[in-house]
Undergrad: 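This is the structure, below, for whatever I ask next.
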There are 2 protein chains.
Amino acid sequence: MPPVPEAAISATADEIREAALEQFARDGYSATSMRDIASSVGIKAASLYNHFGSKEAILWDLTLTAFEELLRGRDSAMAKLPDNPSPEDRLACFVTSHVAFHARNSNQALLVNSQLAALTKTHYRKAVAMRAQYEATLREVIEEGVAKGVFSTTDARVTTFAILQMGMAVSGWFRPAGPLTVADLCNIYVELAAKMLTPLPLKCKE
Amino acid sequence: MPPVPEAAISATADEIREAALEQFARDGYSATSMRDIASSVGIKAASLYNHFGSKEAILWDLTLTAFEELLRGRDSAMAKLPDNPSPEDRLACFVTSHVAFHARNSNQALLVNSQLAALTKTHYRKAVAMRAQYEATLREVIEEGVAKGVFSTTDARVTTFAILQMGMAVSGWFRPAGPLTVADLCNIYVELAAKMLTPLPLKCKE
DNA sequence: TGCACAAACTAACGAGCGTTAGTATAGCAG
DNA sequence: CTGCTATACTAACGCTCGTTAGTTTGTGCA
């Protein structure tokens with residue numbers, strides 16, 4: 001009996017990851033069987049266990065990678081900001097990285113946003129903690145802007161959710177072959193987010 | 001053998017609907033078994049077939065009802081507007097009914113927004129058509145406002161998605177026992193949507 | 001009182017599930 | 001050439017799934 005690998009690294013393991021990610025994102029974890037995944041890779045279900053210890057281990061591997069890439073994208077984008085960036089710049093930076101991730105990695109985004117409930121309790125808690133840490137970044141940006149008087153909002157928490165969620169939804173409908181580039185898309189969402197936080201009064205004329 | 005009912009109307013059928021709606025929304029259609037639903041109601045799985053022809057028939061019954069209530073909510077809200085309402089009023093009216101539905105009927109909202117893929121092809125197409133009709137309402141409001149010059153947007157389609165989606169997300173986190181009433185929540189989202197569509201320039205001072 | 005019918009039950013079906021055991025095979029290190 | 005390791009296979013396990021058949025039970029009407 002081969003030992004159960006903790007984190008499989010091989011060409012086959014990567015094919016399994018790719019096939020499982022697509023099917024978990026499209027059909028859901030519990031509607032996808034080990035036999036489905038195996039046949040996408042061209043092997044039998046039992047052979048999956050040479051690479052992953054269980055079905056949930058595949059989901060957790062994919063979930064962890066997705067969160068790492070999401071957080072890394074945020075970090076590398078925010079690191080490029082100048083010293084003492086304005087809240088407006090920090091907001092634009094976060095929203096751009098947020099929307100770009102959800103546009104470019106739609107399967108990872110769908111996984112992270114709708115399949116966490118299938119994880120074991122331990123893994124689920126870790127995933128929720130990573131998500132909370134990610135969401136807190138935007139909330140801090142918004143609260144800093146409010147404190148400095150450049151943003152205005154009736155409810156910072158709700159506005160945070162609203163901006164996060166409108167970006168997440170991109171993973172559900174955006175297609176690279178469509179009329180918009182990822183850069184176009186990011187600019188649209190940056191503008192929408194900025195307007196949501198603009199201080200009143202909004203109109204100058206009349 | 002009892003006849004297979006097309007649309008079951010009885011106290012037990014309603015208990016089945018309630019239990020199935022909750023579990024489909026929370027755990028997903030394919031992670032919920034007929035035995036799970038039956039035991040919530042206090043009967044055996046086989047007895048469910050006295051009320052519904054199949055598992056998918058339960059899902060379709062719930063989906064249809066949810067869409068009907070969503071569309072009815074929109075219609076009755078829009079009907080209360082005065083003659084020749086302004087685009088701002090129509091926007092506020094739609095967003096209020098949208099957010100109120102997703103706050104008050106979170107299970108129905110979750111069902112409609114994430115379990116359509118489990119329907120048969122025929123039912124799925126009907127559901128998507130109802131959703132498209134619903135979404136078109138907001139898009140028309142936005143486009144009318146843009147045409148009249150009271151709204152401004154870089155991309156009406158994306159802005160429509162953004163407003164719809166930030167409201168849908170309410171079903172995932174809002175709890176009536178929390179700090180906000182449904183009316184508070186609606187007002188916050190109406191303000192956010194209005195700001196998203198406000199014509200530039202946004203700032204008066206400086 | 002007896003009949004009818006709705007709605008519950010038990011039992012079981014064939015299929016598919018995640019998973020394990022045991023085996024075959026190919027490539028590489030000694 | 002030999003043996004080890006990685007990775008595939010076949011076969012099967014115990015279990016759960018949606019669903020059906022046939023039976024029992026209780027209620028309300030003739």
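Below, chain A is the first sequence line, B the second, and so on; all start at residue 1.
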Undergrad: Under 4.0 Å from any atom of DNA chain D, heavy atoms only: list the residues of residues 117-125 of chain A that qualify, in numerical order.
TA: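 Within residues 117-125 of chain A, no residue comes under 4.0 Å of DNA chain D.
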
Undergrad: Tell me which residues in residues 18-27 of chain B lie within less than 4.0 Å of DNA chain C, going by non-hydrogen atoms.
TA: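 When residues 18-27 of chain B is checked for heavy atoms under 4.0 Å from DNA chain C, there are no hits whatsoever.
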
Undergrad: If I take atom NZ in residue A:Lys44 and atom C1' in nucleotide C:dT19, what distance separates them, rounded to the nearest angstrom?
TA: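 So the two atoms are 16 Å apart, to the nearest Å.
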
Undergrad: If you measure from the Lys or Arg side-chain nitrogens to the Asp or Glu carboxylate oxygens, is any gap between A:Asp14 and A:Arg17 under 4.0 Å?
TA: yes

Undergrad: What is the separation between atom CD1 on B:Ile58 and atom C1' on D:dT19, rounded to the nearest whole Å?
TA: 12 Å

Undergrad: What I want to check is whether the side chains of B:Thr63 and B:Gln115 have a donor and an acceptor closer together than 3.5 Å.
TA: no

Undergrad: Dump the intermediate steps for side-chain contact (heavy atoms from CB on, under 4.5 Å) on A:Arg26 and A:Leu110, then the final yes or no.
TA: CA-CA 8 Å; A:Arg26 190 187 55 224; A:Leu110 289 166; over 6 Å; no

Undergrad: Collect all protein-nucleotide pairs involving nucleotides 15-18 of chain C in which both atoms are nitrogen or oxygen and the distance is under 3.5 Å.
TA:
from	atom 1	to	atom 2	distance (Å)
C:dC17	OP1	A:Ser33	OG	3.2
C:dG18	OP1	A:Met34	N	3.3
C:dG18	OP1	A:Lys55	NZ	3.0
C:dG18	OP2	A:Met34	N	2.8
C:dG18	N7	A:Arg35	NH1	2.9
C:dG18	O6	A:Arg35	NH2	3.1

Undergrad: Report the residues that fulfil ring pair (Phe, Tyr, Trp, His ring centres under 6.0 Å) with B:His98, sequence neighbours left out, ordered by chain and then residue number.
TA: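 Listed in chain order: B:Phe94, B:His102, B:Tyr134.
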
Undergrad: Does a sphere of radius 6.0 Å around CD in A:Glu56 hold more than 12 heavy atoms from other residues, nucleotides or ligands, not counting ones at 6.0 Å or beyond?
TA: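 Check passes, neighbour count above 12.
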
Undergrad: Strictly below 4.0 Å: does A:Ser47 bring a side-chain N or O up to OP1 or OP2 of D:dT7?
TA: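 Result: no.
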
Undergrad: B:Thr32 and side chain to side chain contact (heavy atoms under 4.5 Å, CB included): which single residue from B:Ile58, B:Leu59, B:Ile37 fits?
TA: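 Single pass found, and it is B:Ile37.
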
Undergrad: Side-chain N or O of B:His51 versus OP1/OP2 of C:dA6: is the shortest distance under 4.0 Å?
TA: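 It does not, given that no N or O in the side chain of B:His51 lies less than 4.0 Å from OP1 or OP2 of C:dA6.
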
Undergrad: What is the separation between atom CG on B:Asn50 and atom P on C:dA6, rounded to the nearest whole Å?
TA: 10 Å

Undergrad: Just say parallel, tilted or perpendicular for the rings of A:Phe161 and B:Trp173, cut-offs at 30° and 60°.
TA: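 Judged by the thresholds at 30° and 60°, the geometry between A:Phe161 and B:Trp173 is tilted.
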
Undergrad: Closest approach of A:Asn107 and A:Glu22, non-hydrogen atoms and distance?
TA: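 Closest approach of A:Asn107 to A:Glu22: ND2-CA, 3.8 Å.
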
Undergrad: Assess the residue pair A:Glu135 and A:Arg139 against the criterion (salt bridge (charged side-chain N to carboxylate O under 4.0 Å, His left out)); give the C-alpha distance rounded to whole Å, side-chain angles, the decisive distance to 0.1 Å, and a yes or no.
TA: CA-CA 7 Å; A:Glu135 294 178 353; A:Arg139 184 142 177 211; over 6 Å; no

Undergrad: Is the distance from OP1 or OP2 of D:dA8 to the nearest side-chain N or O of A:Thr12 less than 4.0 Å?
TA: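 Affirmative; the distance criterion is met.
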
Undergrad: Write down the distance between CD1 (B:Ile37) and P (D:dC17), rounded to a whole number of angstrom.
TA: 11 Å

Undergrad: Quick one: list whatever passes side-chain contact (heavy atoms from CB on, under 4.5 Å) with B:Ala31, sequence neighbours left out.
TA: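 side-chain contact (heavy atoms from CB on, under 4.5 Å) check on B:Ala31 returns A:Ser30, B:Asp27.
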
Undergrad: Suppose the criterion is ring pair (Phe, Tyr, Trp, His ring centres under 6.0 Å): which pairs have a residue in residues 11-30 of chain A, not counting sequence neighbours?
TA: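 Sorted result for residues 11-30 of chain A: A:Phe24-A:Tyr29.
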
Undergrad: When the distance from CD1 of B:Ile43 to P of C:dT10 is rounded to whole Å, what number comes out?
TA: 12 Å

